[in-house]
Number of protein chains: 2
Amino acid sequence: MNPSTPGTLLVIDDERQIRRLLRVTLEGAGYRVREAETGQLGLQEIAAAAPDGVILDLGLPDLDGVDVLRRLREWSRLPVLVLSVREAEEVKIAALDAGADDYLTKPFGGGELLARVRALLRRASTDAEPAILRFGDIELDRASRVVRRSGEEVHLTAKEYALFALLAQHRGKVVTQRQLLRDIWGANAEDNSHYLRVHMTHLRQKLERHPSAPELLKTEPSIGYRLIG
Amino acid sequence: MNPSTPGTLLVIDDERQIRRLLRVTLEGAGYRVREAETGQLGLQEIAAAAPDGVILDLGLPDLDGVDVLRRLREWSRLPVLVLSVREAEEVKIAALDAGADDYLTKPFGGGELLARVRALLRRASTDAEPAILRFGDIELDRASRVVRRSGEEVHLTAKEYALFALLAQHRGKVVTQRQLLRDIWGANAEDNSHYLRVHMTHLRQKLERHPSAPELLKTEPSIGYRLIG
DNA sequence: ATCGAACTTAAGGATAGTTTCAAAATAGCG
DNA sequence: CGCTATTTTGAAACTATCCTTAAGTTCGAT
């Protein structure tokens, strides 16, 4: 938003055309841009110039883009936006797992690029959330891991708490079954949506006024659940 | 809108007459116009001159117009308006599937051409997709996966939401039935256009002021649907 | 005008998904 | 080690959503 401090970005890409496209687009929006042609040089540049964010093409000749990312993550949380071609799903996922903050599929429009970059840098600067969240007469105290209902403490089991906390973190948004399962039970339980259903029932019985007509913990059939806040 | 920056357009057409007609009409409205006689030359011109949009005739002698489009889409999302004769439904659909942004049937009036071109460029300039899209009194919050109508939340089923979100993503441009079916139901449901019709009816009943005279969700008979935004 | 293709709309049954209860397995704690 | 709390598993009833069928409508073409 503030054009005086949009920040410096490092583009790591071996194709000159793409580098030029990125430079033009980003400088047009007020960012300063540095370039590196290989992963090796990119890592050096990061250490030397300390940019505010990195745009990393996954199709690099020397190091695999994912490797660059892994190495970087050994010592830095610098925001990284990853670039890939549509087909490379595998690579994209590997990159996200290795700590990429976002990805963009080639070909992309200038507007989309800028939006992603903005989001990338914004996220990096503000990720603090208050410790106590309130939803009607329910409150979640994340600092002490306690849930209260009209002031009274409600005992939740580990899974119940994890579920509630995750939904609370995304208050108002639908959280997919897959996401819930992956975060709480791990990646290999992604199909056991039954777990979710059972624990959701328990949660409702502890937190809802009328458990069978929930006002707080809503179902989105075949998608996921959502906490109304 | 702003006559000082209407942009440069590349016309790719083998018929001199049509090129002249387009040039006159577009320059009259303040656009700068470049021309290319074949698909081959057109692609070169795009790479060299970087126009803001392309008007592509599908009836080219060297490359099939659809091929030109496919090649272009390998590296660019440049807005493309496609020109075809009324009879060539197949080709038109193929072009839209290959990534054309809009189409115009020959013969066409100058006013219609200009309106489409304006829409084409406007759309391209604002593809910094914000999380919340607005269409009249309807808003689509993609982050939360929620749709509101005059502020009130409207509940959409999974299919309805997918359909609406897909159309919204391509606001203003026709999305082919095939595209919709493939994206939402999967590749093997490409013929069941009836699914679309039923769910579109439901969507209209939830979102339109007068469901049987839709202002938002328009039908393009035998092509697809289009969300006016 | 009439026809046909494509579309809209309504309604019921089929299906996929959800809730709920309860019992079996597991984990955690004294 | 045994007890309890928790989680997982299983089964049944229930519900929302989706698909299908069928009738009516629109619109361009013959």
Side-chain angles (χ1 to χ4, degrees), chain A residues 145 147 153-164 167 174-178 180-181 183-186 188-226, chain B residues 85-90 92-93 105 107 145 147 153-164 167 174-178 180-181 183-186 188-226:
Chain A
R145 269 187 70 92
V147 172
E153 183 173 335
V154 179
H155 172 74
L156 298 187
T157 70
K159 292 279 171 341
E160 286 162 8
Y161 180 86
L163 195 48
F164 187 65
L167 288 168
V174 178
V175 186
T176 63
Q177 299 186 350
R178 172 157 319 205
L180 293 165
L181 286 164
D183 281 19
I184 298 174
W185 279 269
N188 44 6
E190 280 186 7
D191 323 301
N192 296 3
S193 23
H194 194 67
Y195 295 178
L196 277 183
R197 303 193 178 120
V198 172
H199 289 290
M200 195 60 75
T201 297
H202 296 158
L203 254 185
R204 281 175 177 148
Q205 263 146 16
K206 292 182 180 179
L207 300 181
E208 292 275 5
R209 191 182 311 273
H210 304 292
S212 53
E215 295 170 341
L216 192 69
L217 297 161
K218 296 275 197 183
T219 305
E220 298 283 341
S222 84
I223 307 286
Y225 292 87
R226 160 165 82 115
Chain B
V85 290
R86 177 167 301 284
E87 291 74 28
E89 286 290 298
E90 295 294 326
K92 208 175 346 189
I93 293 173
T105 303
R145 207 190 161 283
V147 172
E153 185 174 330
V154 177
H155 174 74
L156 298 187
T157 69
K159 291 272 149 61
E160 286 161 9
Y161 180 87
L163 196 47
F164 187 63
L167 288 168
V174 184
V175 186
T176 63
Q177 300 187 348
R178 177 171 326 208
L180 293 166
L181 286 164
D183 279 20
I184 299 173
W185 278 269
N188 44 6
E190 280 186 10
D191 320 304
N192 298 6
S193 25
H194 194 70
Y195 295 178
L196 277 184
R197 303 194 180 118
V198 171
H199 289 289
M200 195 59 76
T201 295
H202 295 158
L203 254 186
R204 282 176 176 148
Q205 266 151 11
K206 291 183 180 180
L207 300 182
E208 291 275 4
R209 191 183 310 273
H210 305 293
S212 52
E215 295 171 339
L216 193 70
L217 297 160
K218 297 278 197 183
T219 305
E220 299 279 342
S222 76
I223 309 275
Y225 291 86
R226 180 203 304 257

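Each chain gets a letter, A, B and so on, in the order the sequences are listed, and its residues count up from 1.
- Regarding contacts with the backbone of D:dC18, every side-chain N or O of B:Trp185 stays at 4.0 angstrom or more from both OP1 and OP2.
- If you measure from atom CG of B:Asn192 to atom C1' of D:dC18, you get 12 Å, rounded to the nearest angstrom.
- The side chain of A:Tyr195 approaches D:dT9 more closely than any other nucleotide in the set C:dT8, D:dT9, C:dT18.
- Atoms CG (B:Asp191) and P (D:dT20) sit 13 Å apart, rounded to a whole Å.
- Nucleic acid contact for B:His155: sugar-phosphate only, since backbone atoms but no base atoms lie under 4.0 Å from a heavy atom of the residue.
- Using a 4.0 Å cut-off, some side-chain N or O of A:Thr219 falls inside it from OP1 or OP2 of C:dT19.
- Here the side chain of A:Glu208 pairs a donor or acceptor atom with the backbone of A:Glu215 at under 3.5 angstrom.
- Rounded to a whole Å, the CG atom of B:Leu181 is 11 Å from the P atom of C:dC7.
- The nucleotide whose nearest atom lies closest to any side-chain atom of A:His199 is, among C:dA10, C:dT8, D:dT7, D:dT7.
- In this structure, B:Lys206 and B:His155 approach most closely via the heavy-atom pair NZ-O, 3.1 Å.
- As a whole-Å value, the separation of A:Lys159 NZ from C:dA25 C1' is 14 Å.
- Close to C:dC21, at under 4.0 Å from its OP1 or OP2, lies a side-chain N or O of A:Gln205.
- Taking 4.0 angstrom as the limit, B:Gln177 places none of its side-chain polar atoms (N or O) nearer than this to OP1 or OP2 of C:dA6.
- The CG atom of A:Leu203 lies 6.0 Å from the CG atom of A:Leu156; values are rounded to the nearest 0.5 Å.
- Note that CG of B:Asp191 is 10.5 Å distant from CD of B:Gln177, once rounded to the nearest 0.5 Å.
- Counting non-hydrogen atoms of other residues, nucleotides and ligands closer than 6.0 Å to CZ of A:Arg178 gives a total of 12 or fewer.
- Residue-level contact check: B:Ser222 touches the backbone only, with heavy atoms under 4.0 Å from sugar-phosphate atoms and none from bases.
- What separates CD of B:Glu208 from C1' of C:dT8 is a distance of 13 Å, to the nearest Å.
- For B:Leu217 and C:dC7, the CG to C1' distance is 15 Å, given to the nearest whole Å.
- Of the candidates D:dA16, C:dC7, D:dC18, the closest approach to any side-chain atom of B:Thr157 belongs to D:dC18.
- When heavy atoms are screened at a 4.0 angstrom cut-off, A:Ser193 is found touching no nucleic acid atom at all.
- Dashed line: the shortest gap from a side-chain N or O of A:Arg197 to OP1 or OP2 of C:dG17 is not under 4.0 Å.
- With hydrogens and angles ignored, no donor-acceptor pair under 3.5 angstrom links the side chain of A:His194 to the base of C:dT19.
- As judged by a 4.0 angstrom heavy-atom cut-off over every strand, B:Tyr161 is placed among residues making no nucleic acid contact.
- Among C:dT20, C:dA6, C:dA10, the nucleotide with an atom closest to any side-chain atom of B:Val198 is C:dA10.
- When the C1' atom of C:dT18 is taken as reference, atom CG of A:Leu203 falls 16 Å away, rounded to whole Å.
- Side chain of A:Arg204 to main chain of A:Leu217: a donor-acceptor pair is present (N/O by atom type, distance under 3.5 Å, no hydrogens or angles).
- The separation between B:Lys218 atom NZ and D:dT26 atom P is 15 Å, rounded to whole Å.
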